[in-house]
Number of protein chains: 2
Amino acid sequence: MVNKQKNLDEMANLFKKNGIKNTKQRQRVFDYLASCNQPVTADAIYDALKIELLNDDRVNLSTVYRVLDIFVKNRLVTKTSFGNDYKAVFELYRVEHRHHLICVRCNAITAIKGCPLKGYEQSLSQATHFKILEHRLEILGVCPKCQN
Amino acid sequence: MVNKQKNLDEMANLFKKNGIKNTKQRQRVFDYLASCNQPVTADAIYDALKIELLNDDRVNLSTVYRVLDIFVKNRLVTKTSFGNDYKAVFELYRVEHRHHLICVRCNAITAIKGCPLKGYEQSLSQATHFKILEHRLEILGVCPKCQN
DNA sequence: GTAACTGCAAACCTTTTGCAGCTTG
DNA sequence: CAAGCTGCAAAAGGTTTGCAGTTAC
């Protein structure tokens, strides 16, 4: 990880801005999420940190869940669920939101460029009088590799 | 339920066509799903049948799950998960597929007319070489009632 | 110093499974 | 009659919680 100190500082700021106490565990979960370009399960985060860190530095799975919860509540992270099993997956909230193509055979996840619903929410809001907050779109299919 | 016998016959045919053995339990679950205009959880189906039927006629929750599984495999029913909790919800497969608006406060579910992704899948398929099977779209917001 | 966080173990909730007995075709 | 379905109870898998000890501010 290049420029570690800078990252730490940025994280500390981000946490402070959101009233989130700055702990090692939170840094680690956040840092790991930042290094992923895909939605990941709580379990995957737990495993990744388990491997990366010394035994005594492990982040407990409950802590992972609690930390994720806080991140979600503060809108640093989004929580979704998709695919064939219905585990929750987490992803760093990015200003430019994304959708994914999921392969039903190998579960590979591919991000889609652009959002086909741009503009749609507004017309929907007018039609239904809902105040629209967000949408979740996932597309299921078979990836090129698995088509054989 | 009007025209009960006709419904039963239709169901029997539908089951036969799909090689699904025709049992009381399956009829009941299917019938209940047909009476819902919304996606429902396995538990909700179980509860509904529990109330509707005599004690001895209850459909066991495991059976509900097993029956739903069969319906899903035979594409009579779709399984999804959405909203704030991540339970699976089931809905009769309708030729014209639908999406829903979900109120994050009261969990009310409103069906949306039309699909904003018509035509999108094809261009996506060309761009990614995925064979696209289906998509899942749910929109979250606050319903008019809860906006106060 | 104190409020908040963490680890651990146990609880919880939805979903799945093994088995013995019953139903359907 | 045989194959397959159901109920029951128990297990499984993901997620949450209570509590006692530790840490950040």
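Order of the sequence lines fixes the chain letters, A, B, ..., with proteins taken first and strands second; residue numbering starts at 1 for each chain. Keep in mind that the numbers below use all heavy atoms, side chains included, and drop hydrogens, waters and symmetry copies.
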Could you give the side-chain donor-acceptor pairs of residues 41-50 of chain A under 3.5 Å, partners two or more places apart or in another chain?
from: A/Thr41; atom 1: OG1; to: A/Ala44; atom 2: N; distance (Å): 3.0

- Query: Given atom NZ of A/Lys87 and atom C1' of C/dT14, what is their separation to the nearest angstrom?
  - Reply: 15 Å
- Query: Is the distance between the ring centroids of A/Phe71 and A/Phe15 less than 6.0 Å?
  - Reply: yes
- Donor-acceptor pair, A/Glu138 side chain versus A/Thr80 backbone, under 3.5 Å? no
- Item | Angle between terminal axes - the helix from C/dG1-D/dC25 to C/dG25-D/dC1, 5 pairs each end, rounded to 10° | 40°
Scan the side chains in residues 18-25 of chain A for donor-acceptor partners under 3.5 Å anywhere in the protein, sequence neighbours excluded, and list what turns up.
from: A/Asn18; atom 1: ND2; to: A/Leu14; atom 2: O; distance (Å): 2.8
from: A/Asn22; atom 1: OD1; to: A/Gln27; atom 2: NE2; distance (Å): 3.0
from: A/Thr23; atom 1: OG1; to: A/Arg26; atom 2: N; distance (Å): 3.2

- Task: Measure from the side-chain N and O atoms of A/Arg28 to the backbone N and O of A/Asp57, and report whether any donor-acceptor pair falls under 3.5 Å.
- Result: yes
- Any residue meeting side chain to side chain donor-acceptor pair (under 3.5 Å) with B/Arg58, in chain and number order, not counting sequence neighbours: B/Asn55
- Task: Walking along DNA chain D from 5' to 3', note the first and the last nucleotide with an atom under 4.0 Å from a heavy atom of chain A, and give both.
- Result: D/dG14 to D/dC25
- Task: Check whether any side-chain heavy atom of B/Glu91 sits under 4.5 Å from a side-chain heavy atom of B/Lys79, and report yes or no.
- Result: no
- Message: List the residues meeting side-chain contact (heavy atoms from CB on, under 4.5 Å) with A/Asn60, not counting sequence neighbours, and say none if there are none.
- Response: A/Ser62, A/Thr63
- Item | Set of residues satisfying side-chain contact (heavy atoms from CB on, under 4.5 Å) with respect to A/Lys16, sequence neighbours excluded | none
- Got a sec, which hydrophobics cluster with B/Ile139, joining ILVMFWY side chains under 4.5 Å apart, including via others? A/Leu101, A/Ile112, A/Leu117, A/Tyr120, A/Leu124, A/Phe130, A/Ile132, A/Leu137, A/Ile139, B/Leu101, B/Ile112, B/Leu117, B/Tyr120, B/Leu124, B/Phe130, B/Ile132, B/Leu137
- Let me know the distance between CG of A/Asn74 and P of C/dC5, rounded to the nearest Å. 11 Å
- Using the test side-chain contact (heavy atoms from CB on, under 4.5 Å), find all partners of B/Gln38 that sit at least two apart in sequence or belong to another chain. B/Ile109
- Within residues 62-73 of chain B, the residues having a heavy atom closer than 4.0 Å to DNA chain D are B/Ser62, B/Thr63, B/Arg66, B/Val67
- Residues two or more places apart in sequence or in another chain: which of them pass side chain to side chain donor-acceptor pair (under 3.5 Å) with A/Asn13? none
- From CG of B/Leu61 across to C1' of C/dT16 the rounded distance in Å is 11 Å
- What parts of residues 12-28 of chain A reach DNA chain D, counting only heavy atoms under 4.0 Å away? A/Lys21, A/Asn22
- Worked check of side-chain hydrogen bond (donor to acceptor under 3.5 Å, both in side chains) between A/Glu121 and A/His135: CA-CA 9 Å; A/Glu121 292 193 347; A/His135 61 256; 2.4 Å; yes
